[in-house]
Amino acid sequence: MSDTTFTPRVFSGIQPSGGLTLGNYLGAIKRFVSMQEEDYETIYCMVDLHAITVWQDPKSLVHNTRELAAGFIASGISPEKSILINQSAVPEHAQLGWIFNCVARMGWMQRMTQFKDKAGKNAQNASLGLFGYPALMAADILVYHATHVPVGDDQKQHLELTRDIAAKFNHDYGVDFFPMTEPVIEGAATRVMSLRDGSKKMSKSDPSDASRINMTDDADTIAKKIRKAKTDPDALPSEAKGLEDRPEARNLVNIYAALADMSVDQVLAQYGGAQFGTFKPALADLAVAKLAPISGEMARLMDDVTEIDKVLAKGALQAREITAPILKKTYEIVGMVGS
Ligand code: ATP
Ligand code: MG
């Protein structure tokens with residue numbers, strides 16, 4: 001157990017690997033906004049170095065990075081209250097990432113399910129970066145000595161690895177330097193599933209656009225995707241227990257609950273006995289009501305990107321005030337001369 005006390009500090013990131021999805025919003029961004037209002041320093045990041053672990057067209061990467069920043073701001077992340085950065089603009093992330101490549105063990109990395117999912121059958125052809133991704137993610141977090149990381153359920157294993165890396169570094173060098181970061185995985189929608197397949201996570205990089213709701217989808221598109229979402233023929237149950245073997249139904253109810261800030265039981269108290277013909281349009285209306293103001297503001301911000309670029313430039317300066325001393329100290333601990 002650590003005796004050192006660390007400043008309560010939140011770090012989290014999202015990849016500019018496509019457009020934002022409802023999964024990113026409910027599993028991550030909504031929590032980012034609420035934690036910003038609590039007693040934490042908050043740092044939120046577009047992780048472009050992670051995005052290029054799979055091929056990104058350079059022009060799209062530029063667009064997606066700015067649009068992601070616009071999504072953060074439009075969702076309520078304030079550049080006055082939080083530090084907003086693009087990962088590659090703060091070089092200490094990659095520098096600490098290298099140190100952690102030398103701390104993490106091959107055996108640990110080989111157990112990471114995200115690599116297996118993303119590399120698929122053709123793992124020999126995956127990039128080395130995709131394999132090393134979790135060590136860079138540990139560096140993203142620990143280069144701020146972040147104590148709390150709000151993420152979706154799919155990132156739980158990477159956060160356990162982050163703790164393993166911190167513990168091994170502290171142990172190997174006989175220091176109490178990196179904190180044991182706490183994952184914050186909370187809410188009704190920590191794992192939003194694909195609308196086409198209730199066993200698959202909704203992802204911005206899924207080749208099927210019908211599998212997800214994009215933050216920038218218009219009202220008609222959202223309604224159509226929800227109407228076409230895979231479900232079963234039964235009516236909704238009146239208690240959460242009744243959703244246990246119905247992944248698609250459970251997913252839609254979870255989405256409703258998270259969007260409405262209600263519990264699953266409250267949603268079922270209202271809709272128990274209803275058919276999807278009733279529930280789906282209600283869900284679509286709710287999703288449009290919540291997402292339309294955000295996508296409208298995103299579009300406005302994207303009209304003139306100078307504001308976004310200014311926010312990110314300021315964020316990088318603020319971030320480096322935290323990361324530069326932590327990296328310098330790390331290099332000293334490791335024994336690097338001249339740092
Ligand atoms: P990609 O397909 O490129 O991996 P992604 O949609 O998984 O994109 P990430 O940038 O990898 O998005 O993850 C950003 C954050 O969003 C993470 O905290 C992750 O846990 C969360 N997240 C991603 N997908 C979901 C989901 N379906 N439900 C809840 N949270 C999610
Ligand atoms: Mg992902």
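These numbers come from a predicted model, not from an experiment. For ligands, and for the atoms within them, numbers begin at 1 and follow the listed sequence.
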N/O donor-acceptor pairs under 3.5 Å from side chains in residues 274-291, not counting sequence neighbours:
residue	atom	partner	partner atom	Å
K280	NZ	R227	O	2.9
K280	NZ	A229	O	2.8
K280	NZ	T231	OG1	3.4

Determine, for [X] against [Y], whether the closest basic-nitrogen to carboxylate-oxygen distance falls under 4.0 angstrom.
| X | Y | value |
| --- | --- | --- |
| R250 | E244 | no |
| D154 | R191 | no |
| K201 | D206 | no |

*asked:* As a test of reading the model: which residues have a non-hydrogen atom less than 4.0 Å away from ligand 1?
replied: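 Lining ligand 1 at under 4.0 Å, by heavy atoms, one finds G13, I14, Q15, S17, G23, N24, G27, A28, K118, V151, G152, D154, Q155, A189, T190, R191, V192, K201, M202, S203, K204, S205.
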
*Could you list all the salt bridge (charged side-chain N to carboxylate O under 4.0 Å, His left out) pairs where at least one residue sits in residues 52-69, not counting sequence neighbours?*
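Qualifying pairs: R66-D309.
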
Please table the atom pairs, donor to acceptor, closer than 3.5 Å between any side-chain atom in residues 134-143 and protein atoms at least two apart or in another chain.
residue	atom	partner	partner atom	Å
D140	OD1	Q87	NE2	2.9
D140	OD1	H93	ND1	2.8
D140	OD2	H50	NE2	2.7
D140	OD2	Q87	NE2	3.4

